[in-house]
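The first residue in the sequence is number 1, and the count goes up from there. Being a predicted model, the structure only gives us computed values, none of them experimental.
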Amino acid sequence: MPSERCLSIQEMLTGQRLCHSESHNDSVLAALNQQRSDGILCDITLIAEEQKFHAHKAVLAACSDYFRAMFSLCMVESGADEVNLHGVTSLGLKQALEFAYTGQILLEPGVIQDVLAAGSHLQLLELLNLCSHYLIQELNSFNYLDLYRLADLFNLTLLEKAVIDFLVKHLSELLKSRPEEVLTLPYCLLQEVLKSDRLTSLSEEQIWQLAVRWLEHNCHYQYMDELLQYIRFGLMDVDTLHTVALSHPLVQASETATALVNEALEYHQSIYAQPVWQTRRTKPRFQSDTLYIIGGKKREVCKVKELRYFNPVDQENALIAAIANWSELAPMPVGRSHHCVAVMGDFLFVAGGEVEHASGRTCAVRTACRYDPRSNSWAEIAPMKNCREHFVLGAMEEYLYAVGGRNELRQVLPTVERYCPKKNKWTFVQSFDRSLSCHAGYVADGLLWISGRTYLMLDLSKHTFIVVYI
């Protein structure tokens, strides 16, 4: 009988696989740590406060730029058997080596200062990161200032940001419980707090008063002109601004302060142009982006005026009781449905829609209004040229554009008009070559896109529509 040919291993297998050991990395590191503990196969001895620690150059260089430079750049220590480390305690070095060989460390109040000093000196960045997270968990109203100083000393940016966020959130409480401590805040910390968009626990007048008290405390007047830049005078009402401008000697003595107050007064005088005159000093402070719903129809009410908002700051309750997180704000002057909404310069614009008249008849209107979230108030703006419902309203640069829709006679419109806040005036721009309503629109990349059976694109530079067939 013919003998069967014996296949080789290579002929029996068909492909290649990347195989991974779950335990190899940990077991190698554990073996190296055991060698360190036993003092065998080590090639360097580190000395801190006359206490010696055995280690491996390769392990140290792998987790520290400091040691990598020391052992690989022809420095004196690169060929030494022992290296004396200055500026590091023996306790700090011991903890740092434990982390380098195990990837974990037990942090507690008695060792944190030594560990921070060692981690910073030896450039163990991951160790410093763990220290930052530990200190952030310990952050409270009694130690925030000390922790900020630690963050500044060791360049712990995560901890520094956490302290700033803590102060922004709790500043109102701290001014009541520990006012003298707040007045000793370092300038760099105070300026970060005052410039925050999320500083909502104090009114702008109270923020101004805090800044004045801080400047007067220990005579910090060298910071005055810069610090006052972070006060949002445009968020104060006119009466308060006049009081500040006329009664406070700091404003009267400072050209910068006087200019800032006058800028805010001019801003308030130009009511309709405010959306396009927004600056850092007029931008409202909010805890987070907020979702609004405006008007519409309900079963029990034909047209509703209500304005509601959903604040997602409280994440724990957001998913559990979403309905309870919707809160009411000042209602619109008139209830309406099928209207359009746009945002410009942190103001909310509502235009057109269908309104119910006293006779019970409903029809499209041309009226428009603007919501100011700073004062929770509405103001009427100039009405559109056409009555419109089921249309599109888009904000581009310094204008609002109203596109198409149906008028009070239910006629479908091809017209497009533009609102200029500076003039509080609507003007017609180029119309469509067709009438359209119940269409959709969106502003993207400086263009207003309108969709129906075709896409139409408003070119802002030419105020013309381009038809894009799909």
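Within a 6.0 Å sphere centred on CD of E255, heavy atoms belonging to other residues, nucleotides or ligands number 12 at most. Counting non-hydrogen atoms of other residues, nucleotides and ligands closer than 6.0 Å to NZ of K169 gives a total of 12 or fewer. Heavy atoms from other residues, nucleotides or ligands lying under 6.0 Å from CG of L153 number more than 12. Within a 6.0 Å sphere centred on NE2 of H24, other residues, nucleotides and ligands contribute 12 heavy atoms or fewer.
Using cut-offs of 30° and 60° on the angle between ring planes, the pair Y223 and Y187 is parallel. Using bins of under 30°, 30° to 60° and over 60° for the plane-to-plane angle, the ring pair H220/W214 lands in the parallel bin.
Going from atom CG of L159 over to atom CG of N129 covers 11.0 Å, rounded to the nearest 0.5 Å. Distance CD1/I294 to CG/L348: 4.0 Å, rounded to 0.5 Å. The structure places CE of M384 at 11.0 Å from CG of N407, a figure rounded to the nearest 0.5 Å. C387 SG to E354 CD: the interatomic distance, rounded to the nearest 0.5 Å, is 11.5 Å. With rounding to the nearest 0.5 Å, the separation of NE2 in H133 from CG in L128 is 11.5 Å.
When side chains are defined from C-beta on, C63 does not count as touching F99, because their heavy atoms never get closer than 4.5 Å. In this structure, V304 and S337 have side chains that are not in contact, with every pair of non-hydrogen atoms separated by 4.5 Å or more. Side-chain contact between H268 and Q274 is present, with at least one heavy-atom pair separated by less than 4.5 Å. Side-chain atoms of C369 and F349, non-hydrogen and from C-beta on, never get closer than 4.5 Å to each other. Inter-residue side-chain proximity for L29 and T102 is flagged as unmet; no heavy-atom pair is nearer than 4.5 Å. No side-chain heavy atom of L210 sits less than 4.5 Å from a side-chain heavy atom of W208. In this structure, the side chains of V115 and C131 come closer than 4.5 Å at one or more pairs of heavy atoms. Two residues are said to be in side-chain contact when any heavy atoms from C-beta on lie closer than 4.5 Å; I271 and R370 meet this criterion.
Using a 4.0 Å cut-off between charged nitrogen and carboxylate oxygen, E417 and K385 do not count as a salt-bridge pair. Between E204 and R285 there is a salt bridge, since at least one side-chain N of the basic residue sits less than 4.0 Å from a carboxylate O of the acidic one. One finds no salt bridge joining R149 and D152 here, because no Lys/Arg side-chain nitrogen approaches an Asp/Glu carboxylate oxygen to under 4.0 Å. For E356 and R361, the salt-bridge test fails: no basic side-chain N is under 4.0 Å from an acidic carboxylate O.
Checking each of R232, Q278, R374 against K283 for a side chain to side chain contact (heavy atoms under 4.5 Å, CB included) leaves exactly one that passes, namely R232. For the pairing with Y144, the side chain to side chain donor-acceptor pair (under 3.5 Å) check across E181, R178, H170 returns one residue only, E181.
When all heavy atoms of A368 and A382 are compared, the pair lying nearest together is CB-O, 4.0 Å.
Distance alone, capped at 3.5 Å, places no donor-acceptor pair between the E389 side chain and the H338 backbone. In terms of modelled atom types and a separation under 3.5 Å, the side chain of T258 and the main chain of V251 share a donor-acceptor contact. Of the possible polar contacts, one joining the H439 side chain to the V403 backbone as a donor-acceptor pair under 3.5 Å is found.
Side-chain rings of W449 and Y442 stay apart, their centers remaining 6.0 Å or farther from each other. Checked against the 6.0 Å centroid threshold, Y371 and W378 count as a close aromatic pair.
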*side-chain contact (heavy atoms from CB on, under 4.5 Å) between H121 and F154: does it pass, once the steps are laid out?*
CA-CA 9 Å; H121 186 83; F154 295 110; over 6 Å; no
*Is there a side-chain contact (heavy atoms from CB on, under 4.5 Å) between Y419 and T427 once you walk through the steps?*
CA-CA 7 Å; Y419 174 71; T427 55; over 6 Å; no
*Please walk me through it: do L122 and L60 pass side-chain contact (heavy atoms from CB on, under 4.5 Å)?*
CA-CA 10 Å; L122 304 177; L60 298 179; over 6 Å; no
_As a quick check of understanding, evaluate side-chain contact (heavy atoms from CB on, under 4.5 Å) for L194 and L227, giving each step before the final call._
CA-CA 8 Å; L194 296 191; L227 187 65; 3.7 Å; yes
*Given ring pair (Phe, Tyr, Trp, His ring centres under 6.0 Å), test F310 with W326 step by step and report yes or no.*
CA-CA 5 Å; F310 178 79; W326 287 95; 5.4 Å; yes
*Evaluate the criterion side-chain hydrogen bond (donor to acceptor under 3.5 Å, both in side chains) for residue pair T415 and N386; output intermediate values, then yes/no.*
CA-CA 8 Å; T415 58; N386 285 143; 2.8 Å; yes
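Judged purely by distance below 3.5 Å, without hydrogens or angles, the side chains of T240 and D237 pair a donor atom with an acceptor atom. Defined by atom type and a distance below 3.5 Å, a donor-acceptor pair is present between the side-chain atoms of D225 and S254. Between the side chains of Q229 and R281, at least one donor N or O sits under 3.5 Å from an acceptor N or O.
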